[in-house]
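Heads up, the thing below is written out as structure tokens.
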Amino acid sequence: MTITAPDVPQVTSQTWKGHWHGFGPWIGAPVDYAKEGNRRPPHPVRPAPEAGHADRYQQAAGEFATSSLPPLMSGHWLVKQGQVAADRTWTDVSDAIEWLTRHYTDNPPFERTDGGQAYERLDAKIAYTSDVLPRGVDIAWVHYTQARSLLSLSVVCCPNLFHPGTPCPLGIGAPALA
């Protein structure tokens, strides 16, 4: 007798249904943003306590979990502690776009002295975001501000297509989703 696993429907960008969490704004020094080790979740296999890198592992694991520094993969926002908020959780894509737009206009990108365009226009960003968020694709808007700091804004889909086993950090039945 052959036993097969039941068919589990796979969620794709064509079948995604969910909500969105906003993360940010993060405004900081480019040198901090470039510290990739602090932007990655810890490896599931911990080094032995006597290993030479055990202390750095513990430090990086703590920094990743509690820091507001944006992770390398947008879906990892869902596992960072204390970063999600009900007032930045939406079931209507227009609310997420309004939040992104407000923070973008509060912290506009720097303007090149030669008149060239350094970043995509806001209307193009909004059009792209309006298209892909409803299909379960995360959004990150990152640019240098006029003060030459980096601004990072993220809207992460929940459930997340690339991290399907990651639960919603607000839990099932969260008030913002009811």
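Here CG of Asn38 is found 4.0 Å from CD of Glu63. Values are rounded to the nearest 0.5 Å. Once rounded to the nearest 0.5 Å, the distance linking CH2 of Trp90 with NE2 of His21 reads 9.5 Å. For the atom pair Ile139 CD1 and Ser74 OG, the distance stands at 9.0 Å (nearest 0.5 Å). Remark: Gln83 CD to Ser154 OG distance equals 11.0 Å, nearest 0.5 Å. Taken to the nearest 0.5 Å, the CH2 atom of Trp141 stands 5.5 Å off from the CG atom of Leu122. Taken from SG in Cys157 to CZ in Phe162, the straight-line distance is 9.5 Å, to the nearest 0.5 Å.
Ring orientation note: the planes of Trp16 and Trp20 are tilted relative to one another, at an angle of 30° to 60°.
By the rule that hydrophobic residues join a cluster once side-chain heavy atoms approach within less than 4.5 Å of another member, Tyr33 and Met73 end up as members of separate clusters. The hydrophobic cluster containing Leu151 does not contain Leu72, counting ILVMFWY residues as joined when their side-chain heavy atoms lie under 4.5 angstrom apart, directly or transitively. Linking ILVMFWY residues whenever their side-chain heavy atoms come closer than 4.5 Å, directly or via other members, places Val132 and Tyr104 in the same cluster. Ile97 and Val155 fall within a single hydrophobic cluster, where Ile, Leu, Val, Met, Phe, Trp and Tyr side chains are chained together by heavy-atom contacts under 4.5 Å. Under a hydrophobic clustering in which Ile, Leu, Val, Met, Phe, Trp and Tyr are joined whenever their side-chain heavy atoms come within less than 4.5 Å, directly or via other members, Leu153 and Ile126 fall into the same cluster.
Between Phe110 and His143, the gap from one ring centroid to the other reaches at least 6.0 Å.
For the residue pair Thr105 and Arg102, the shortest heavy atom distance occurs at OG1-O, 3.0 Å. The heavy-atom pair separating Pro109 from Tyr119 by the smallest distance is CB-CD1, 3.4 Å. Listed here is the closest heavy atom pair of Val142 and Ser152: CG2-OG, 3.7 Å. Smallest separation of non-hydrogen atoms from Gly75 and Asn160: CA-ND2, 3.7 Å. The two residues Gly22 and Arg88 have their closest heavy-atom pair at O-NH1, 2.5 Å. Heavy-atom minimum distance, Arg135 versus Asp131: NH2-OD2, 2.8 Å.
The closest side-chain heavy-atom distance from Phe23 to Lys80 is not below 4.5 Å. With contacts defined as side-chain heavy-atom distances shorter than 4.5 Å, the pair Tyr144/Ser149 does not qualify. Proximity of Pro30 to Arg148: side-chain heavy atoms (C-beta onward) are nowhere separated by under 4.5 Å. Two residues are said to be in side-chain contact when any heavy atoms from C-beta on lie closer than 4.5 Å; His76 and His163 meet this criterion. By the 4.5 Å heavy-atom criterion applied to side chains, Ile27 and Leu150 are not counted as neighbours.
In the displayed structure, Glu120 atom CD is contacted under 6.0 Å by more than 12 heavy atoms of other residues, nucleotides or ligands.
A cation-pi arrangement is absent between Arg40 and Phe64 under the rule of less than 6.0 angstrom and at most 45 degrees off the ring axis.
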